[in-house]
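Hydrogens, waters and symmetry mates are skipped; everything else that's a heavy atom, side chains included, is used.
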Amino acid sequence: MAEAKVGKFRWLRETLKWFAILVGEEMVRAKLPDYLPYALLIIAAYLTAEIVLSGRVRALAHRVYLACSTRYRMWTYLFVFALGGCLLCFYWWAIGKTVTALENRKVAQEKIEPLNPLARTEFLLEAAKPLREVYLIIDLKERLTPEALKHFRAMITIANTNTRYANATNQDNRHPTLCVGGRDSYPLATINGREIKWFGVSDLVWALNPDDEMLNTQVSTGQTETSQIILGGGTYGKSPFRTLADLDAQWVNVYMTEPLFEDVSAIHFVGNDYILLAETADNLAKEGGAPLVPAKLLDALMTDQQDIKWISLMPKGSDYERFQKEKQQLGHDPEWFPYTFYRLWSLEFSNYTPTKLTPEQRLALSGAG
């Protein structure tokens, strides 16, 4: 009777333990997503300790310890220490790969969402409204400080290919174009006699052909590190695209500094409350080339960092990986032509329904803009 009662309480204790673990993991995922890998590592380490300290494993370890001669018993501690370290490293690697895969899947879902009738109707109603604000959002692989990020620049341009502007200052790009971007801007603060850098950006929203500055401001998060760079803000009725619907079937180009791209996990383009474009860094290839915008616009972003060059980003086509692999093996370009080496950036709302921002994403933009 006593054994049955003990077994019942043990079952209840185990149930409550697993319930607490699951609730804790979900709370971290919802409220502190940047710390989710650490929480999963702690859970994995705890469960491993539970297994190691169980009766059978402890008994087996004790038998192995006694089987060793006295001379080598000290080495068993070092072996266990090394094994534990390797196990933790494996856990961290596996958690990192899993979290990255989940993030990539999330971005892919944001990029192309099924044509849900209700979501589609809601988007079409919103698309007819004025284009109020635009953002280029860059997700980083991990939280970084200003010292780690250093100087960066990024820009997305959307050109209205349906018309040309006769008096364009840049004859290479005569289409009315919306430019959204910015660069680093790290304000200094002194706390307890120590000077620190806050993370911040200089936002720029500009219309070309005709040229008109909509936004040029500096924003700081008041934090010493960040996992996301948000550039952009309000259009104030000056955009060459008056509504969200006007962005449909338009060409897009994305640029940034090469050192920044090494730290990027995904990029998003947001208009009003919708994610209009999203892509993971794994699906992007980098090419040389600066934005086709007036020199005064580039100067506003580059200033004292002329030596750090721009790169343009292109979505990889179906032939990209195969072509690059054969090129590396042969030492020269393969004989066949990669017709789908790149995919074109374009906004095609007829093929997908943009995803609406969550309240948390909307709040993050409110703080940035």
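A salt bridge between Glu147 and Lys197 is absent, with no side-chain N of the basic residue lying under 4.0 Å from a carboxylate O of the acidic one.
Taking every heavy atom of both residues into account, Ala207 and Met214 meet most closely at N-CE, 3.4 Å.
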Checklist entry - Yes or no on side-chain contact (heavy atoms from CB on, under 4.5 Å) for Asp184 and Lys150, after CA distance, side-chain angles and deciding distance? => result CA-CA 8 Å; Asp184 61 287; Lys150 300 180 181 178; over 6 Å; no
Checklist entry - Could you walk me through whether Ile229 and Leu260 pass the side-chain contact (heavy atoms from CB on, under 4.5 Å) check? => result CA-CA 10 Å; Ile229 299 172; Leu260 173 61; 3.8 Å; yes
Item to check | Check against side-chain contact (heavy atoms from CB on, under 4.5 Å), Trp345 and Met314 | outcome: CA-CA 7 Å; Trp345 290 102; Met314 294 292 294; 4.1 Å; yes
Checklist entry - Is there a side-chain contact (heavy atoms from CB on, under 4.5 Å) between Leu276 and Leu244 once you walk through the steps? => result CA-CA 9 Å; Leu276 306 178; Leu244 271 181; 3.8 Å; yes
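Phe123 and Phe349 have perpendicular rings, their planes meeting at more than 60° on a 0 to 90° scale where under 30° would count as parallel.
Looking at heavy atoms from C-beta onward, Glu258 lies out of side-chain contact with Lys309 at the 4.5 angstrom threshold. Taking the side chain as every heavy atom from C-beta outward, Val180 and Ile156 approach each other to under 4.5 Å. Counting heavy atoms from C-beta outward, Phe152 and Ile138 have side chains that stay 4.5 Å or more apart. With contacts defined as side-chain heavy-atom distances shorter than 4.5 Å, the pair Tyr274/Glu122 qualifies. In this structure, Leu313 and Lys286 have side chains that are in contact, with non-hydrogen atoms separated by less than 4.5 Å. With a 4.5 Å cut-off on side-chain heavy atoms, Ile267 and Met256 count as touching. Taking the side chain as every heavy atom from C-beta outward, Leu277 and Leu347 approach each other to under 4.5 Å.
Rounding to the nearest 0.5 angstrom, the gap separating the OG atom in Ser202 from the CG atom in Leu215 is 9.0 Å. Taken from OG in Ser185 to CZ in Arg183, the straight-line distance is 7.5 Å, to the nearest 0.5 Å. With rounding to the nearest 0.5 Å, the separation of CG in Asp248 from CG in Asn351 is 9.0 Å. Thr353 OG1 to Leu118 CG: the interatomic distance, rounded to the nearest 0.5 Å, is 11.0 Å. Note that the CG atom of Asp139 and the CD1 atom of Ile230 stand 9.0 Å from one another [nearest 0.5 Å]. Here OG1 of Thr226 is found 7.0 Å from CD of Gln228. Values are rounded to the nearest 0.5 Å.
Residue pairs meeting the side chain to side chain donor-acceptor pair (under 3.5 Å) criterion with at least one member in residues 235-244, sequence neighbours excluded: Thr243-Asp246. Every pair passing ring-ring contact (aromatic ring centres under 6.0 Å, His included) that includes a residue from residues 278-326 is listed here, sequence neighbours excluded: Tyr320-Phe341, Phe323-Trp336, Phe323-Phe341.
Counting heavy atoms of neighbouring residues, nucleotides and ligands inside a 6.0 Å radius, atom CD of Gln329 exceeds 12 of them. Annotation for Glu335: atom CD does not count as buried by contact number, only 12 or fewer foreign heavy atoms lying within 6.0 Å. More than 12 heavy atoms of other shown residues, nucleotides or ligands fall within 6.0 angstrom of atom NZ in Lys316.
Residues Thr157 and Thr177 bring no donor and acceptor atom of their side chains to less than 3.5 Å of each other. In this model, no donor atom of one side chain and acceptor atom of the other lie less than 3.5 Å apart for His175 and Asn209. No side-chain N or O of Thr217 forms a donor-acceptor pair with one of Asp203 less than 3.5 Å apart.
By the criterion of side-chain heavy atoms lying less than 4.5 angstrom apart, applied directly or through intervening Ile, Leu, Val, Met, Phe, Trp or Tyr residues, Leu231 is not grouped with Ile308; the two fall into different hydrophobic clusters.
Under a 4.5 Å side-chain heavy-atom cut-off, the cluster of Ile, Leu, Val, Met, Phe, Trp and Tyr residues that includes Trp198 is completed by Ile191, Ile196.
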Output side-chain donor-acceptor pairs under 3.5 Å for residues 127-134, partner residues at least two apart or in another chain, one line each.
from   : atom 1 : to     : atom 2 : distance (Å)
Lys129 : NZ     : Glu126 : OE2    : 3.1
Glu133 : OE1    : Tyr135 : OH     : 3.3
Glu133 : OE2    : Arg362 : NH1    : 2.6
Glu133 : OE2    : Arg362 : NH2    : 3.1

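Remark: Asp333 engages Lys327 in a salt bridge (Lys or Arg N to Asp or Glu O under 4.0 Å) (not counting sequence neighbours). Applying the side-chain contact (heavy atoms from CB on, under 4.5 Å) rule to Ser346 yields the partners Trp251, Glu348; only residues at least two apart in sequence or on another chain are considered.
In this structure a side-chain-to-backbone donor-acceptor pair under 3.5 Å is present from Ser220 to Phe199. For the pair Asp319 (side chain) and Thr340 (backbone), a donor-acceptor distance under 3.5 Å is present. Checked by atom type and distance alone, the side chain of Arg343 never pairs as donor or acceptor with a backbone atom of Pro315 at under 3.5 Å.
Remark: of the listed residues Val252, Val254, Ile158, Ile275, Ile158 is the sole one forming a side chain to side chain contact (heavy atoms under 4.5 Å, CB included) with Phe269.
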